[in-house]
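The next block holds one structure in the form of structure tokens; read it before the comments.
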There are 2 protein chains.
Amino acid sequence: MITIKDIAKEIGISYTTVSRALNGKSGVSPKTVKKVLKEAEKMGYQPNAIARGLVKKYTNTVGLVIADITNPYYPSIARGVEDAARKIGYNVFLCNTNYDKDNEKSYLKTLQEQRVDGIIIHPAKDDLPSIYDLQTPMILINRPSHGGKTSTIEVDNERGGFLATEHLIQSGYKRISFIGGDVVSYSNNKRLEGYKQALMKYNQLIDESMIVHGSFKTKSGYTIMEKMLKLENPPDAVFAGNDVIALGVLHCAQDYGLNMPDAFGVVGFDNVQFSELPQIQLTTIDQPKYYIGKLAFEMLIEEIRNKEERIIKKIVLEPELIIRKTTQKR
Amino acid sequence: MITIKDIAKEIGISYTTVSRALNGKSGVSPKTVKKVLKEAEKMGYQPNAIARGLVKKYTNTVGLVIADITNPYYPSIARGVEDAARKIGYNVFLCNTNYDKDNEKSYLKTLQEQRVDGIIIHPAKDDLPSIYDLQTPMILINRPSHGGKTSTIEVDNERGGFLATEHLIQSGYKRISFIGGDVVSYSNNKRLEGYKQALMKYNQLIDESMIVHGSFKTKSGYTIMEKMLKLENPPDAVFAGNDVIALGVLHCAQDYGLNMPDAFGVVGFDNVQFSELPQIQLTTIDQPKYYIGKLAFEMLIEEIRNKEERIIKKIVLEPELIIRKTTQKR
DNA sequence: ATGAAAGCGCTAACAC
DNA sequence: GTGTTAGCGCTTTCAT
């Protein structure tokens with residue numbers, strides 16, 4: 001690996017001058033600049049961001065920690081932050097925790113050790129361990145502020161849950177179940193909260209046997225649905241914690257020959273890519289995923305740039321009900 | 001940010017000793033080690049990987065460059081390399097090029113500047129520009145070796161294309177179209193090659209009007225399919241360049257009321273998650289994505305560890321035909 | 001306009 | 001068992 005010293009030696013000047021020339025700083029004659037640039041090109045010089053980072057104290061790199069890269073929800077967010085980052089010359093370190101608290105911890109640690117300039121995190125679980133007390137600027141997605149010290153961006157999950165459930169009620173379904181993901185997921189519980197509110201608003205009983213938590217996986221949705229079907233009084237509609245779960249519910253309902261959407265309705269959450277497939281046409285709650293990612297990055301950059309007088313922000317985005325074919329029209 | 005010097009000062013020893021203690025090296029009294037560890041914990045010390053990387057010359061980090069994080073094919077690969085990497089304490093820098101040559105170039109450059117220990121890349125396009133002449137160890141996925149100097153891992157795309165097309169022929173379809181992705185994609189063209197071979201083997205004419213390239217997007221599949229349907233002699237089956245394209249073809253066929261699979265058949269490639277959905281049940285060619293990622297990382301590590309006497313390898317994996325419901329049973 | 005020198009945080013020789 | 005020192009590749013004063 002060739003360094004600025006090598007190229008300095010080659011053209012017989014000090015490496016300080018080479019550094020200045022390479023960085024387009026003033027105080028170097030145009031002639032020298034040209035010579036340096038040419039030589040650097042010729043020798044195949046690759047700047048060492050490590051060495052630079054050591055002295056400059058920033059790396060132009062941010063970390064993005066997500067739970068599940070195979071759930072299309074997260075890639076959409078990732079695309080948003082990536083695009084925004086690239087636009088101003090930042091790189092993003094994408095970390096996939098696979099819903100595992102330990103992985104998350106380990107990534108957070110590494111990210112800090114690598115001295116990323118900031119971290120955007122969409123935590124898997126609700127409880128934020130002490131590792132979240134980081135010096136590095138941090139933005140939380142779809143999670144409450146960590147001790148009021150971090151800015152957050154979220155969709156109004158409660159409102160989304162309300163919208164979904166209300167739609168089911170208004171569509172005439174009588175026994176609406178909530179099949180959620182992780183019990184300790186903040187967004188999951190907010191959605192459940194919305195579900196309960198809708199039920200209450202329309203004077204329906206909240207039947208705890210109709211509320212089940214599993215994991216944010218299609219398989220979980222299927223399994224839980226199958227169990228519910230064996231109840232003496234099974235649901236005639238399901239509000240699923242997210243689209244991935246909804247997919248499993250759909251699958252199960254189909255396997256058991258339920259007549260959709262007339263006799264059985266399903267609403268998801270996220271409005272993930274596959275939901276709009278003609279074969280699926282899942283009614284769901286949309287959240288502006290790409291935009292959330294973009295905004296999260298912009299908030300992060302702001303924090304990075306104003307490290308001293310940072311202002312804790314909380315952005316809440318409005319969810320939107322997308323009616324498709326897994327619920328009946330009124 | 002506190003450093004080893006801070007903690008050395010705090011307990012009145014040299015920072016070298018602190019370093020040794022922190023790294024579990026021999027030659028430090030257990031008592032001192034304990035003291036150091038305790039103080040480090042107390043002061044919230046975070047090792048600086050940047051500084052370490054500068055002297056140690058490696059970063060325990062690799063880059064993974066892919067084209068499209070929203071195509072489920074790539075996340076599967078990413079999971080494979082991530083898991084393998086984490087197992088031995090490596091981090092992976094996931095870079096999404098969005099099929100853009102410039103982005104790819106820029107990421108490759110940054111990755112090298114960050115001094116990642118190695119790079120795994122699934123290039124978007126066929127031509128590998130000079131930027132690929134990197135000092136950093138590199139593994140290519142589903143692409144030919146770069147000047148015989150890089151190890152590669154790929155599925156036998158040609159064979160896959162053959163399998164897909166042969167299945168269509170044997171299922172009785174008479175006019176089989178190939179709707180591909182990017183014209184300059186290596187894997188795409190290999191698949192096309194296999195398509196042609198199958199046609200030839202079964203003494204069918206290769207009709208160039210039945211071969212169309214677009215992009216690896218659902219929308220592209222839809223648009224192209226729509227055009228083909230307007231031909232005076234439209235296809236009665238399609239071998240799509242990948243599952244994402246196949247999805248668009250499927251959608252279009254449905255919109256136009258084609259009777260599937262009896263009057264119209266579709267085969268994809270990749271066996272991506274959604275292909276097995278009961279609502280989709282796409283016949284496709286499976287490639288062991290997770291395993292490819294895992295293997296790619298293992299190859300990379302080998303190269304990193306034996307930088308001097310590296311052996312250029314080429315691993316070719318067998319694809320598998322998965323018959324589902326978008327083609328008729330014979 | 002250019003160079004010398006210090007120093008970023010750390011590891012690794014080399015003393016003692 | 002512990003400390004001293006050099007140096008990784010770079011940027012940044014401070015001189016000249």
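Just so it is clear: chains get the letters A, B, ... in the order the sequence lines come, proteins before strands, and each one is counted from 1. Keep in mind that the numbers below use all heavy atoms, side chains included, and drop hydrogens, waters and symmetry copies.
- Contact between the side-chain N/O atoms of B:Y45 and the OP1/OP2 oxygens of C:dC10 is found at a separation under 4.0 Å.
- The side chain of B:L54 lies closest to C:dG9, out of C:dG9, C:dA6, C:dC8.
- In this entry the distance linking CG of B:N23 with P of C:dG9 reads 17 Å, nearest Å.
- Taking only side-chain nitrogens and oxygens, A:S14 never comes nearer than 4.0 Å to OP1 or OP2 of C:dT2.
- Rounded to whole angstrom, the span from the CZ atom of A:R52 across to the C1' atom of C:dC10 amounts to 20 Å.
- D:dT4 atom C1' lies 12 Å from atom NZ of B:K5, rounded to whole Å.
- Not one N or O on the side chain of B:T136 forms a donor-acceptor pair closer than 3.5 Å with the backbone of B:G118.
- Side-chain N/O atoms of A:T16 include none lying less than 4.0 angstrom from OP1 or OP2 on D:dT11.
- For the pair B:T17 and D:dG3, the criterion of a side-chain N or O lying under 4.0 Å from OP1 or OP2 is met.
- Between C:dA1 and A:S29, no contact under 4.0 Å exists linking OP1 or OP2 to a side-chain N or O.
- In this structure, the ring of A:H122 has its center less than 6.0 angstrom from the ring center of A:Y73.
- Among the atoms of the strands shown, only primed sugar atoms or phosphate atoms (P, OP1, OP2) are found under 4.0 Å from some heavy atom of A:T3.
- Closest to the A:V28 side chain, of the nucleotides C:dG3, C:dT2, D:dT5, is C:dT2.
- Within the 4.0 Å cut-off from OP1 or OP2 of C:dA12, at least one side-chain nitrogen or oxygen of B:K56 is found.
- The distance from atom CG of A:D6 to atom C1' of D:dC8 is 13 Å, rounded to the nearest whole Å.
- Here B:Y58 does not reach the OP1 or OP2 of C:dT11: none of its side-chain N or O atoms lies under 4.0 Å away.
- By the 4.5 Å heavy-atom criterion applied to side chains, A:D6 and A:Y15 are not counted as neighbours.
- For the pair A:K25 and D:dT12, the criterion of a side-chain N or O lying under 4.0 Å from OP1 or OP2 is met.
- In this structure, B:Q114 atom CD and D:dG9 atom P are separated by 16 Å, rounded to whole Å.
- For the pair A:K313 and A:E302, the salt-bridge criterion is met [side-chain N within less than 4.0 Å of a carboxylate O].
- Summarising the geometry, the separation between CD1 on B:I50 and C1' on D:dG9 is reported as 12 Å, rounded to the nearest angstrom.
- Rounded to a whole Å, the CG atom of A:L22 is 15 Å from the P atom of C:dT2.
- OP1 and OP2 of D:dC8 both lie 4.0 Å or more from every side-chain N or O belonging to A:N48.
- Between B:K217 and B:D68 there is a salt bridge, since at least one side-chain N of the basic residue sits less than 4.0 Å from a carboxylate O of the acidic one.
- Phosphate proximity of D:dG1 to B:S26: absent, as no side-chain N or O sits under 4.0 Å from OP1 or OP2.
- Taking 4.0 Å as the cut-off between side-chain N and carboxylate O, B:K35 and B:E39 do not count as a salt-bridged pair.
- Put simply, A:K57 has a side-chain N or O that comes within less than 4.0 Å of OP1 or OP2 on C:dG9.
- In this entry the distance linking CD1 of B:I7 with P of C:dC10 reads 10 Å, nearest Å.
- Nearest-nucleotide mapping onto DNA chain D: of A:R20 and B:R115, the residue sitting toward the 5' end is B:R115.
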